[in-house]
Amino acid sequence: MTSAAVSKPGAKRAARTVSLHWFRKGLRLHDNPALLEACEGATHVYPVFILDPHFAKPDVIGVLRYRFMLQTIKNLDDNLREIGSRLFVVKGQPAEALPRLFREWGVTKLTFESDTEPYAKVRDRHVCELAAEHQVHVQIFPSHTLHDPEAYVARLQGKDVPTVYQSFVKLFASMGPVAPVAPTVDAKRLPSPAPEYLSGRDRKKADQGNGHAGGEKIEEDRTRSDDFSVPGLSGIGYPETDAPTLYPGGERAALARMQEHLANVKYIVTFEKPKTSPNALRPSTTVLSPYLKHGALSSRLFYHSLCSTLAQHKGPHTQPPVSLVGQLLWREFFYLQGHATPNFDKMVGNPICRQIPWGKDAELLGAWEEARTGYPFIDACMTQLREEGWIHHLARHALACFLTRGDLWQSWEEGARVFEKYLLDADWSVNTGNWLWLSASAFFHQYFRVYSPVAFGAKTDKEGEYIRKYLPVLRKMPSKYIYEPWKAPKGVQETAGCVVGRDYPHPVVDHATVSKQLMGKMKAAYDANKEGGAKGEEKSGEKKRPAGEDGKGGKTKKRA
DNA sequence: AGTCAAGTTGACAAC
DNA sequence: GGTTGTCAACTTGAC
């Protein structure tokens with residue numbers, strides 16, 4: 001690998017391997033089998049991240065979420081530079097950017113981690129075709145989940161993908177051991193890119209790290225290290241923000257956060273999700289989800305680490321679904337569903353989703369999204385979500401139930417879109433699955449169990465400290481009225497400096513009244529779905545299950 | 001086929 | 001304060 005060879009791409013292609021590793025999720029150096037494969041026998045490896053304009057839209061992906069992602073790839077770049085390489089950040093459509101890079105670098109091998117989301121499936125299929133046209137060999141590894149979703153499907157041998165968690169746990173147990181954690185990519189393993197892409201400092205590291213790119217003399221003026229740098233928010237059309245970074249993005253922060261929790265053995269062995277608090281002032285759960293979503297933390301590393309902590313502990317420990325391993329299995333469960341279910345993120349055409357005639361009221365939806373429903377607990381949860389990018393799982397439950405079947409009768413698709421925008425951990429499969437769940441559209445059916453926007457939060461925060469923190473206007477409201485300020489006598493409201501209707505909204509709906517009404521609507525919708533499901537053909541003799549019995553692109557699927 | 005227990009985490013009243 | 005049963009009401013999976 002001389003610089004001459006680099007300047008004449010393809011000249012001796014057969015004799016050498018130039019790898020392009022495409023980072024999307026899997027933003028890490030540990031447990032990254034696709035990146036290891038890129039290293040295998042390569043003269044150069046080009047680590048690439050593509051900023052796809054499909055995602056870079058502030059009204060689709062909020063600024064905090066995008067900032068977290070940029071921090072994550074910045075840390076990835078830092079970590080790569082530590083070992084004599086770097087990240088190449090490219091703006092554009094992958095289908096345009098990649099062929100250009102193939103030609104420019106004489107790429108012979110493309111590696112990446114498989115992705116089960118719909119947009120990614122289409123994108124990757126197209127990229128594979130383009131790679132073939134460029135004689136680029138493609139290698140894809142499933143390392144985002146504990147097992148490859150396809151492996152579960154194969155294991156099921158045509159049976160439906162389980163829609164019940166406990167059934168999934170059995171399937172998981174039948175899969176055999178989770179693959180071990182792959183060795184972390186280091187300077188010895190990772191061939192550097194062509195030296196002209198490294199700054200003098202990084203080039204020196206590359207020379208020390210391995211022999212692949214060493215010994216070359218490149219003049220400073222040919223250094224191109226600024227061409228592919230990690231941009232700031234403004235560099236991709238986002239506004240800057242001065243919101244504090246509560247959860248810094250990146251593999252380094254991910255591993256530190258995991259280790260911090262693992263060190264607390266008591267916390268690990270006694271963890272019970274339902275007993276954690278949605279309105280604690282400090283998160284009562286691990287907040288590893290943003291890191292797992294981007295793959296800055298490997299789910300397999302977390303899983304194996306948990307298992308070894310539990311094994312070393314001689315006493316009893318909690319179990320799925322409530323334990324920490326149980327949380328990873330929920331993720332796994334929804335990833336499988338998202339992979340196997342057509343139109344998973346839609347009601348229409350989704351075979352596991354009950355068809356429910358949700359209303360369409362921009363006023364109500366806006367009140368919910370903008371934290372002005374008049375229910376302090378709901379508005380506080382939404383405010384924390386918007387300001388910090390993370391809220392507790394049960395806070396998500398309360399918000400989701402309120403928007404859909406509990407109070408506002410708005411579509412879960414709208415709610416899912418809002419969560420996708422604000423959550424640092426916005427994870428398409430998991431988020432969609434939870435909205436299906438909470439709206440009693442799939443997985444969960446006891447629609448008469450409704451979260452009270454007043455009582456639920458009060459169970460774990462009698463004084464309403466959480467509300468006072470996120471809704472300062474209610475800071476001086478007596479605890480007796482903090483969850484229901486409209487019930488406070490006028491004089492109390494005046495004294496507290498928060499007059500309902502002036503300083504804080506009236507409730508948009510009356511929960512007691514409306515939740516009862518909506519239960520009736522849910523019952524009617526359920527009955528209508530039982531009627532034979534597909535509108536039009538009503539063969540009363542056929543299955544009693546609603547439109548489309550299974551979530552798999554299986555055999556006897558009722559069209560969607 | 002029919003029955004029954006279970007289902008990640010509801011609210012509320014009664015004890 | 002913790003547990004239990006009730007509330008109109010659900011579906012799934014196992015047997």
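Keep in mind that this is a model prediction, so the values were computed, not measured. No hydrogens, no waters, no symmetry mates; every other heavy atom, side chains included, goes into these values.
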message: More than 12 heavy atoms of other residues, nucleotides or ligands under 6.0 Å from CZ of Arg252(A): yes or no?
response: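 Atom CZ in Arg252(A) is not crowded, with 12 or fewer foreign heavy atoms closer than 6.0 Å.
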Once you round it to whole Å, what is the distance between [atom2] of [N] and [atom1] of [X]?
X         : N       : atom1 : atom2 : value
Met519(A) : dC12(B) : CE    : P     : 11 Å
Lys273(A) : dG10(B) : NZ    : C1'   : 18 Å
Leu156(A) : dG13(C) : CG    : P     : 12 Å
Asp527(A) : dT11(C) : CG    : P     : 8 Å
Lys275(A) : dG1(C)  : NZ    : C1'   : 14 Å
Gln517(A) : dA8(C)  : CD    : P     : 17 Å
Ile356(A) : dC10(C) : CD1   : C1'   : 12 Å
Leu329(A) : dT8(B)  : CG    : C1'   : 12 Å

Among residues at least two apart in sequence or on other chains, which ones pass salt bridge (charged side-chain N to carboxylate O under 4.0 Å, His left out) with [X]?
X         : result
Asp124(A) : Arg24(A)
Lys273(A) : none
Lys469(A) : none

Do [X] and [Y] make the cut of ring centroids closer than 6.0 angstrom?
X         : Y         : answer
Tyr119(A) : Phe55(A)  : yes
Tyr291(A) : Phe68(A)  : yes
Phe443(A) : Tyr165(A) : no

Phe456(A) side chain, from C-beta outward: closest of dT11(C), dT8(B), dA11(B):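 It is dA11(B).
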- prompt: Which nucleotide in the set dC12(B), dT8(B), dT11(C) lies at the smallest distance from any side-chain heavy atom of Ala455(A)?
  reply: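 Nearest to the side-chain atoms of Ala455(A), counting from C-beta on, is dC12(B).
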Separation of the [atom1] atoms in [N] and [M], to the nearest angstrom:
N       : M       : atom1 : result
dA5(B)  : dG5(C)  : P     : 14 Å
dG7(B)  : dA9(C)  : C1'   : 16 Å
dT11(C) : dA11(B) : P     : 22 Å
dG2(C)  : dT8(B)  : P     : 26 Å
dA1(B)  : dG13(C) : C1'   : 15 Å

field: Listed partners of Tyr267(A) passing ring pair (Phe, Tyr, Trp, His ring centres under 6.0 Å), at least two apart
entry: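 Testing Tyr267(A) for ring pair (Phe, Tyr, Trp, His ring centres under 6.0 Å), a comparison that skips the adjacent residues, returns His261(A), Phe271(A).
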- prompt: His304(A): what forms a ring pair (Phe, Tyr, Trp, His ring centres under 6.0 Å) with it, not counting sequence neighbours?
  reply: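 In terms of ring pair (Phe, Tyr, Trp, His ring centres under 6.0 Å), with neighbours along the sequence ignored, His304(A) is linked to no residue.
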query: Does the side chain of Thr432(A) come under 3.5 Å of the side chain of Asp345(A) through a donor N or O and an acceptor N or O?
result: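 No, no side-chain donor-acceptor contact under 3.5 Å.
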- request: Please check if any side-chain donor atom of Tyr375(A) sits under 3.5 Å from a side-chain acceptor atom of Asp407(A), or the reverse.
  value: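 Checked: Tyr375(A)/Asp407(A) side chains show no N/O donor-acceptor pair below 3.5 Å.
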query: By side chain to side chain donor-acceptor pair (under 3.5 Å), which residues pair with Gln319(A), not counting sequence neighbours?
result: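 Once residues adjacent in sequence are excluded, Gln319(A) has no partner under the side chain to side chain donor-acceptor pair (under 3.5 Å) criterion.
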message: List the residues meeting side chain to side chain donor-acceptor pair (under 3.5 Å) with Arg123(A), not counting sequence neighbours, and say none if there are none.
response: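 Side chain to side chain donor-acceptor pair (under 3.5 Å) check on Arg123(A) returns nothing, list empty.
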query: Hey, can you pull the residues of residues 442-452 of chain A with a non-hydrogen atom under 4.0 angstrom from DNA chain B?
result: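 Hits under 4.0 Å, by residue number: Gln446(A), Arg449(A), Val450(A), Tyr451(A), Ser452(A).
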- request: Can you sort out which residues in residues 391-405 of chain A have a heavy atom within less than 4.0 Å of DNA chain B? Ascending by number, please.
  value: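 Hits under 4.0 Å, by residue number: His393(A), His397(A).
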field: Phosphate OP1/OP2 of dA9(C): any Lys516(A) side-chain N/O under 4.0 Å
entry: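 Checking Lys516(A) against dA9(C): no side-chain N or O falls below 4.0 Å of OP1 or OP2.
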query: Under a 4.0 Å heavy-atom cut-off, which of residues 165-175 of chain A touch DNA chain C?
result: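 Per residue number, the list reads Ser167(A), Lys170(A).
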task: Examine distances only and state if a side-chain atom of Thr245(A) and a backbone atom of Tyr247(A) form a donor-acceptor pair shorter than 3.5 Å.
output: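 Flag not set: sc Thr245(A) to bb Tyr247(A) has no pair under 3.5 Å.
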query: Is Val322(A) touching bases, backbone alone, or none of the nucleic acid, heavy atoms closer than 4.0 Å?
result: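 Nothing, no nucleic acid heavy atom in range.
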Please list, one pair per line, the donor and acceptor atoms closer than 3.5 Å that link side chains of residues 446-459 of chain A to other protein atoms, with sequence neighbours excluded.
{"from": "Tyr451(A)", "atom 1": "OH", "to": "His397(A)", "atom 2": "ND1", "distance (Å)": "2.9"}
{"from": "Ser452(A)", "atom 1": "OG", "to": "Val454(A)", "atom 2": "N", "distance (Å)": "3.1"}
{"from": "Ser452(A)", "atom 1": "OG", "to": "Ala455(A)", "atom 2": "N", "distance (Å)": "2.9"}

query: So what does the secondary structure string of DNA chain C come out as, 5' to 3', with Watson-Crick or wobble pairs under 3.5 angstrom, [ ] for crossing and | for pairs with another strand?
result: .||||||..||||||
